[in-house]
Amino acid sequence: MVGIRCMGGTFSNRSELQNRLFAELSQMFGMEVPLYAKSLLVNQCCNETIGALLAARFPDFTLTAAQQAQMSGERHGAIRIGRPDEYRWMGRFFAVFGMEPHNYYDMTKLGAKSQPIIATAFRSRRNPEHRIFCSLLMTDYFAPATRARLEAQLATREIFSAQAKALIEQHEKQGGLTAKEATQLIEEAVQRIFKWTGRARHYGLYQDLCAAGFKIAADIVCFESHHLNHLTPNTLWLDLYTAAMRHCLGELSVADFRARAAVVLARVAGRADHDYLRLHFRHLADEEIAGWESRVVPAATLAELGDKLTESLQATDLKLADWPHAGFKENTEGPAEDTPILLRQDAYRALTEPVVFTEPNGSQVAAVHTARFGEIEQRFYATTPTGRSQYDDCLTAAEAARSALPRGARADFTATEKIYAAPFAVFPKTLSALLAQKLVYGYYRVTSAGRRAAAAGAIKLMAWPELIRSGYVVVDGLRYEDFLPVSAAGIFASNLKDGGTPSTAAEPVAYPQSRLAAILGRKIIDTTLTYAGLAAESQQQVLSELGLWDRLAPAEQTALLATLAAARDSAVREP
Ligand code: OOG
Ligand code: NI
């Protein structure tokens with residue numbers, strides 16, 4: 001393991017630790033929830049199909065087992081915390097793994113979808129692979145009597161052990177953990193902090209909270225750990241996975257799945273271009289891909305891939321309909337399938353799991369709880385504020401159009417998909433067009449042709465699209481690394497079988513970001529500034545390398561430098 005030298009030995013590298021933590025969490029979760037482990041197999045079948053299709057489209061495309069493993073290892077999880085002091089420990093825990101709080105999500109002000117939750121997501125700043133959406137229950141969202149019961153129950157638990165706390169403090173004192181200490185902390189994570197125990201406490205309180213419609217509060221305060229609510233892998237093409245899961249769960253017949261797979265595979269063959277490859281396979285270098293020829297994938301190859309996938313899904317261990325399950329979500333969250341922005345997510349519904357409650361008098365009650373579910377996601381380009389507000393408008397329109405459909409009509413998948421996609425028609429569908437309209441962020445780099453031309457003094461100042469067309473510069477779209485509050489609210493709602501939780505406080509309470517920052521004891525990074533900063537940093541770098549920075553108009557120089565400064569300022573820890 002690579003690491004930095006320290007007085008007592010070598011500290012473990014934080015991002016390697018992060019990969020280890022998530023690999024172990026995934027193994028833990030797979031053992032706790034067999035359906036999750038199965039869904040990974042379904043995803044693997046789908047990803048292999050997409051990989052084979054890409055190899056047919058780009059003869060130079062190959063994926064080693066290690067690259068495939070890294071790509072499939074990427075995940076986000078979600079945990080729900082009850083007390084501010086627990087939340088602060090959580091922030092300090094994730095710092096060990098190089099994960100910092102990014103963005104503030106106020107779930108209390110989402111209209112009918114509101115929940116008594118504020119949240120941030122812990123992730124690395126640059127090229128993150130893993131994330132944790134970390135919710136905190138706001139007890140003052142409720143009337144005083146409920147609030148008092150919630151807080152009394154929360155006061156009786158201790159989730160971080162003395163050893164876990166000591167290791168986190170050790171990390172802060174030394175500036176790192178040795179391999180042995182890191183292993184101990186990861187053990188604490190999978191054996192205690194994030195582990196589902198199937199045990200809960202105070203069934204009376206649980207029942208009262210559920211009956212009052214406060215299921216999310218019951219889900220948090222009656223349990224004994226910050227158990228993972230879900231752990232979400234990535235997929236190379238979301239709609240293929242959704243169809244495959246629905247088939248394995250018995251919701252789509254073989255014929256219907258086969259037909260759906262044909263539609264999706266034809267889309268992949270038509271749309272997966274160099275930008276798709278760069279977005280989904282980070283190990284591919286620009287210059288390597290630039291020379292790759294793309295071929296038309298013959299219909300026979302597509303048919304063969306569809307048949308092979310259908311066949312592999314018939315394996316006995318993928319008969320998921322035979323496992324306890326509650327079906328697949330009705331709708332995919334996020335943009336229309338043809339609009340490569342932000343992220344798209346889907347999920348199998350929360351499972352009803354046995355739980356044994358220990359009562360305040362020590363007696364035990366056997367019951368069930370429904371909260372843990374199985375999400376999947378595909379990530380696309382990060383939007384600029386203009387792109388994001390356009391997205392929000394489109395989403396509102398698309399959701400309204402879909403919910404206006406009579407129930408029966410929604411069974412017609414193709415028609416519903418079209419109706420949902422219509423409002424998103426205002427978005428261009430390619431990276432270059434999205435960049436040209438300044439709806440997403442680009443990360444620019446000089447090519448060797450650019451370097452040669454710069455050395456010969458042959459480049460004049462020109463607009464970014466022109467620099468790219470001349471072959472002097474290449475651009476990647478920055479991938480969206482965060483979450484979407486409306487999708488998240490949809491997730492809370494669907495897995496708790498609860499529309500939302502209206503506040504019962506006498507006066508409405510406001511939950512500013514500063515409140516969560518104070519709980520964490522540090523600033524929360526604003527990722528709008530981070531994305532803009534990364535884009536500006538790459539532009540400044542390119543202009544300097546091409547010898548064009550000094551020719552840039554002073555006003556444009558100032559604007560770029562101000563964007564860089566704002567991003568740097570947002571990344572400072574102190575409030
Ligand atoms: C968190 C939901 C947020 C997502 O993907 O948007 C989330 C939760 O259910 O606790 O994970
Ligand atoms: Ni999620």
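Just so you know, ligand 1 is whichever comes first in the structure, and atom 1 is the first atom listed for that ligand. Model, not experiment: these values are computed from the prediction.
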field: Proximal atoms of ligand 1 relative to Arg80 (non-hydrogen, under 4.0 Å)
entry: 8 (C), 9 (O), 10 (O)

statement: Which atom of Glu375 is nearest the Ni ion (ligand 2), counting N, O or S only? It is OE1

task: Flag the pair Glu100 and Arg123 as a salt bridge only when some basic side-chain nitrogen lies within less than 4.0 angstrom of an acidic carboxylate oxygen.
output: no

Gln345 neighbourhood, listing ligand 1 atoms whose heavy-atom distance to it stays under 4.0 Å: 4 (C), 5 (O), 6 (O)

field: N/O/S atom of Glu377 inside 2.8 Å of the Ni ion (ligand 2), strictly under
entry: no

Proximity of Glu377 to ligand 1 by residue part, where a heavy atom lies under 4.0 Å: neither

- request: Considering the heavy atoms of Asn229, write down every atom of ligand 1 situated less than 4.0 Å from one of them.
  value: 9 (O)

message: Show me which atoms of ligand 1 lie under 4.0 Å from any heavy atom of His230.
response: 7 (C), 9 (O), 11 (O)

- prompt: Which class fits the ring pair Phe160 and His226: parallel under 30°, tilted 30 to 60°, perpendicular over 60°?
  reply: tilted

message: Could you measure the distance from the CZ atom of Phe380 to the CD atom of Gln378? Nearest 0.5 Å is fine.
response: 3.5 Å

task: Please assess Arg80 against Asp219 for the test side-chain contact (heavy atoms from CB on, under 4.5 Å), listing each intermediate value before the final yes or no.
output: CA-CA 8 Å; Arg80 302 165 176 180; Asp219 179 60; 2.7 Å; yes

task: Identify whether the distance between the nearest side-chain nitrogen and carboxylate oxygen of Glu481 and Arg479 falls below 4.0 Å.
output: yes

message: Check whether Tyr531 forms a cation-pi arrangement with Arg126 (NZ or CZ under 6.0 Å from the six-membered ring centre, at most 45° off the ring normal).
response: no

Nitrogen or oxygen atoms of Ser135 and ligand 1 under 3.5 Å apart: no

- prompt: Between Trp196 and His227, how do the two ring planes meet: parallel, tilted or perpendicular, split at 30° and 60°?
  reply: perpendicular

query: Judged by non-hydrogen atoms, does His76 sit under 4.0 Å from ligand 1?
result: yes

statement: A student checking ligand 1 against Ala78 at a 4.0 Å heavy-atom cut-off should list atoms 1 (C), 8 (C), 10 (O), 11 (O)

